[in-house]
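See structure below.
Because only heavy atoms are used, hydrogens play no part in the values below, and waters and symmetry mates are left out as well, while side chains stay in. Chain naming here is simple, since letters A, B, ... match the order of the sequence lines and numbering starts at 1 in each.
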Amino acid sequence: MASTYELIASVTVGAGGASSIDFTSIPTTYTDLVVKLNLRNTATGSPRGWAFVRLNNDSSAIYDERMVYTTNGTSAASASNSNGTEISWNPVVGASATSNTFSNNLIYIPNYTGSSNKSFSIDAVTENNATEVALVMNACIWRSTSAINRITITGASSSTLAEYSTGYLYGIKNS
Amino acid sequence: MASTYEPIATTTLGSAVASYTFSSIPGTYTDLIMVVSAKLTSGGATNHYYTLNSDTGSNYSYTRLYGTGSSAGSGRGSNTTNIFGGDITSTEPLADIVQFNNYANTSTYKTILIRNNPVTSTVHAIVSLWRNTAAITSITATTPSSTFAVGSTFTLYGIKAA
Amino acid sequence: MSPLAPLGFFAHPPLAAGDFESISTVTVGAGGASSVSFSSIPSTFKHLQIRAIMKASDSIYMSFNSDTTNSNYYSHWLTGQGSSASASSFAGRLAPVIMAGTGASGFSAVIWDVLDYADANKYKTVRVLTGHDQNGSGEVGLTSMLWKSTSATTQIDIAPVSGSSISQYSSFALYGIRGE
C-alpha cells in the first residue's frame, strides 16, 4: 500500500569515520526527496566545517548557490557561488566544537525526476556551547535535467565525517 | 491506519498561466505544506504572491529576512493585498516551501512561513499574517509580471495531527 | 485520478501510515496554560518535529527531560526584524522561538526539528523555523538550540520565562519520523 512520506535509506558513520555519506540507486517512484543530516567532521581548528553536496556523482561546474547565513553567531550575511563543482555551503559541526554535538541539516529537493534543472534548498544549523556557529538558508541548483539517482555528502578539505554522523533519505509522493 | 502526511492536490502546468489556484481545500488536516517548483515564462527576476480564499483586500502583512548574494537584510510590508511570496525568475525553477500551520483554525488569524529559494535572485525567509479567522479553503499563486512557465509545479500536502 | 474530482484533486486510495506519524497534540484552552508538555515520548522514531502556533506572556523556556540546568543549553538566532538582519546567541534554556505576545493579533508559527532525538552518542541539536507578523512589526528567522545530554529525549516542556501564560488557541503537534 502506498504512503506519502517514506524512508528510502539511512546511513550511520562507524568507528574511524567516513569520507562521505552516499545515497545511491535512488528510485524514481517519488516526487520530492528529503535528506536529513546529523553531521560532525574531524577537521580541527574551527567549531564548524562543511560537507559538500554532489548529485549523480557529477563534478561538472554546474552547481550554483545563494544563501543568507551567519558563521560567527553575531552578524548576518549573504553570499553566492556560481559554477561550482558541488554545493559547498552545507555546514557541519567541526571537531573544535563542543563534544558530542552534531549539525541538523534539511535538504529538500522537489521534482527530482522532472525535466527542469534541479533546484533545492538547504536549511542547516550547527551548534556549539559558544557564540560561533553556522546557520544557513541556502538556495541551490544543479543545472542538469537528469533525474537524481545519487546524492553524495562529502567532508570538505579532505576532512572525514565523524563516527555517529547520520544521514537519512526520504521520498515524498504527490499522489 | 490513517496517514499523517498526505498529498491533497498537484499540478504541472501544461500551459503558461498568470495564476494558479488550489480550491476546495478540505478542512480535515491540521497544517498545509505547499511545494512550489515554478519559474516565469520570460523576463527578469520579479516577485510573486499568494492570496487566500480569494481575499484581495488589504488584509495581509509580512516580515522578511533576505540574502541577495552579497548582503543580508530585512524588510516589511503592512496592509498589503496579498502574501509576499518572494522572488521568482525565468532562468531556474524555485524550490519553495510554504507552511500553513493550523490553517483551518477558525479562532485565529493565519500565520504563514515561507522559504523562498530562487538561486539566481534573492533568497528569503518570510512570515506573513492573514488577518482573517476563516479556514483557508483556497490558495492562489500569482505573478503580476509574465506568467508561470509550462512545466511549473504546485503541490499541496496535508499534515494531520492526532 | 477520479474524472469527477476538481482539477488537480485526487480521490486516491487509502494511504499507508508512512514514516511521518503524529504522536500527540496539545491545544491550550480558555484561560491559557502555564506550560505545555510532551511526555513519555516513545523511542521508536528517529526524529521529532513539533509544529505549532503560539502566543505567550513572555519569551519561553524549552526543557528536555525536565532538565532545567541553564548551562546545559545554548541557542543561536539568525533573524530579520523588518529593518535589519542580525545574528545572536544565548546561553541557557531560552527557546529559540520568535514569540508573539498575548496581546498580539497574530500567532507565532514554529517548526522545531530534532534529529536523532534518542541517540545515546549525541547531544541534541534542534533546528527551528519561526516567526510572527503583526502588520507593522514582527520577526522571522532560522534558529537553533543545543541540549547537552546524550540521554534519549522522553519529555519536552515549553513554558513562559515569566508571567503565567501560553495563550488560548496555541496549539502544539508532535510528530515522529522513522529512520529505519
Item to check | Winner by heavy-atom pair count (cut-off under 4.5 Å) against chain A, out of C:N121, C:T79, C:I177, C:V114 | outcome: C:N121

Item to check | Choice from C:G179, C:A85, C:S75 maximising heavy atom contacts with chain A below 4.5 Å | outcome: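 Top option by heavy-atom pairs under 4.5 Å: C:G179.
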
Item to check | Test side chain to side chain contact (heavy atoms under 4.5 Å, CB included) applied to C:L142 and A:V125, step by step | outcome: CA-CA 8 Å; C:L142 177 70; A:V125 302; 4.1 Å; yes

So how far is it from [X] [atom1] to [Y] [atom2], rounded to the nearest 0.5 Å?
X      : Y      : atom1 : atom2 : answer
C:L78  : A:M137 : CG    : CE    : 5.0 Å
A:N129 : C:Y123 : CG    : OH    : 8.5 Å
C:H76  : A:N128 : NE2   : CG    : 6.0 Å
A:L135 : C:R127 : CG    : CZ    : 10.5 Å
A:D123 : C:D113 : CG    : CG    : 9.5 Å

How far apart are the closest heavy atoms of [X] and [Y], and which atoms are they?
X      : Y      : value
A:E127 : C:Y74  : OE2-O, 3.8 Å
A:T101 : C:T125 : CG2-OG1, 4.1 Å
A:L7   : C:D19  : N-OD2, 2.6 Å
C:D116 : A:Y168 : OD1-OH, 2.5 Å
A:T70  : C:A87  : OG1-CB, 3.5 Å

Between [X] and chain C, with a heavy-atom cut-off of 4.5 Å, which part of the residue counts as in contact: side chain, backbone, both or neither?
X      : value
A:L169 : neither
A:V93  : neither
A:S75  : backbone
A:Y164 : both
A:Y69  : backbone

Residue selection (most heavy-atom pairs with chain C, distance under 4.5 Å) from [options]:
options                       : value
A:L37, A:T74, A:V136          : A:T74
A:T126, A:L106, A:T98, A:N105 : A:L106
A:A77, A:S10, A:S99           : A:S99

Next on the checklist: For C:Q155, is the CD atom crowded, meaning more than 12 foreign heavy atoms sit under 6.0 Å from it?
Outcome noted: yes

Examine whether an atom of [X] lies under 4.5 Å from a heavy atom of chain A, and if so say whether it belongs to the side chain, the backbone or both; otherwise answer neither.
X      : value
C:K124 : neither
C:S84  : neither
C:S144 : both
C:A91  : neither

Item to check | Derivation and outcome, side chain to side chain contact (heavy atoms under 4.5 Å, CB included), residues C:K122 and A:N100 | outcome: CA-CA 5 Å; C:K122 299 175 178 177; A:N100 304 314; 5.6 Å; no

Checklist entry - Would you call the rings of A:Y5 and C:F20 parallel, tilted or perpendicular if under 30° counts as parallel and over 60° as perpendicular? => result tilted

